[in-house]
Amino acid sequence: MNLNTAYDNDIIQEVVNIGIGDAADALSKLVKSPVLINIPDVKIINISEVKNYIESELKNLGLFIIQDFKGTIEGKVILSYSTECAKSLLKILLNETKDILALSNIELSVLEEIGNILSGSCITSICNMVKKQVIFSLPHVIQDISLKYLINLQHELDQYESCIVIKNEMYIKAEQINGYIFIIVSMRDIKSIIDQLKDDLKKITQGKLT
Amino acid sequence: MIYQEVKESFIQLFIEGISHGVVVIDNKYQVLYWNNWMFNHTGLTEKEVFKKSIFEIYPQIKEREKDTYIIDCINYRRPFFLSPIFHEYLIPIDIHDKKMKMLQNIKIYPSIVSNEEIGAIIIIEDFVLLAKLGNFNLNYFKN
């Protein structure tokens with residue numbers, strides 16, 4: 001099942017942009033510094049491509065923040081940053097001058113909070129737009145992903161068909177942090193988001209015309 | 001039935017034995033559960049805080065604008081993690097002869113209580129111990 005038109009793709013791109021914008025606002029309040037998140041690339045891909053991508057690319061680079069959501073739409077958000085990016089991010093946030101060599105529980109708590117804000121704000125914003133309610137599970141921060149975990153994650157992904165991949169460039173205090181956000185949902189849920197927004201747009205247009 | 005009893009006794013053992021504070025509140029922010037750790041560190045018994053608003057017990061939560069995390073957790077069913085690096089603490093607990101507040105790693109989870117009403121579970125972890133174990137420089141907080 002694919003999206004019908006380029007217009008549908010544009011809708012998803014716009015929805016994601018608004019969601020990420022809200023996430024950037026929430027993050028900038030937390031770190032008391034402007035946060036800019038650029039999204040050079042949003043695409044909807046088949047779940048098998050995500051599995052391949054995770055297996056080939058991400059398992060070696062390091063840090064995942066994974067969170068499930070359930071409700072009228074269901075899915076999983078995976079944030080991924082390389083360990084080096086995560087360390088740079090912490091260095092900025094902690095005003096450290098020295099390089100951070102290893103991530104302890106303290107540093108992980110910062111990443112947990114940031115990951116939770118990014119994924120939570122983004123999904124909440126999208127759900128509010130389409131008047132759907134979800135409940136989030138507990139986010140997990142995983143570094144040095146084990147083979148077993150990776151296999152289990154891939155099995156879990158089998159129940160979904162599609163994934164919105166958001167490549168993001170985050171700027172905090174002029175430092176650039178690159179990462180990925182994967183929003184894994186069924187194509188049915190993506191279509192229901194699009195249909196709801198099209199309906200709302202139609203109502204707004206009709207309201208203006210009458 | 002036995003499974004349910006075992007599960008309940010395990011949960012009881014876990015939350016009473018855990019070296020973290022556990023507070024359960026309902027959707028009116030009233031305390032429903034307060035574990036032993038909370039009593040040991042605050043001196044307040046579960047009886048004293050039961051059905052009292054957490055914001056009434058600790059007005060500092062609102063004063064420090066940390067109430068939004070609890071409110072949003074319940075309203076939007078979103079968990080929140082509050083790192084001590086950004087927030088220092090949620091529940092003001094004096095340590096070192098009241099010279100400083102206990103630094104805390106906080107997790108706030110939405111919870112379904114009594115007939116699907118949404119409340120929250122607050123888990124408080126003593127960060128001072130974690131910082132010492134992780135060789136984290138506590139002077140960071142003095143700056």
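Reckoned from all heavy atoms, side chains included, excluding hydrogens, waters and symmetry mates. Chain letters run A, B, ... following the sequence lines, proteins first and then strands; every chain starts at 1.
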For Asn105(B) and Ser109(A), indicate whether the former's side chain and the latter's backbone hold a donor-acceptor pair under 3.5 Å. no

Rounded distance (nearest 0.5 Å) linking atom [atom1] of [X] with atom [atom2] of [Y]:
{"X": "Ile106(B)", "Y": "Glu113(A)", "atom1": "CD1", "atom2": "CD", "answer": "10.5 Å"}
{"X": "Leu111(A)", "Y": "Ile85(B)", "atom1": "CG", "atom2": "CD1", "answer": "10.5 Å"}
{"X": "Asn116(A)", "Y": "Phe81(B)", "atom1": "CG", "atom2": "CZ", "answer": "5.5 Å"}

Please check if the number of heavy atoms outside Phe69(A) that lie under 6.0 Å from its CZ is greater than 12. yes

Would you say Lys101(B) has more than 12 foreign heavy atoms packed within less than 6.0 Å of its NZ? yes

Heavy-atom proximity to chain B below 4.5 Å, by part of Ile114(A): side chain

Quick one: what part of Ser121(A) sits under 4.5 Å from any heavy atom of chain B, side chain, backbone, both or neither? both

With a 4.5 Å cut-off on side-chain heavy atoms, are Arg78(B) and Thr124(A) touching? yes

Taking all non-hydrogen atoms of both residues, which atom of Asn75(B) and which atom of Gln133(A) are closest, and how far apart? O-NE2, 4.1 Å

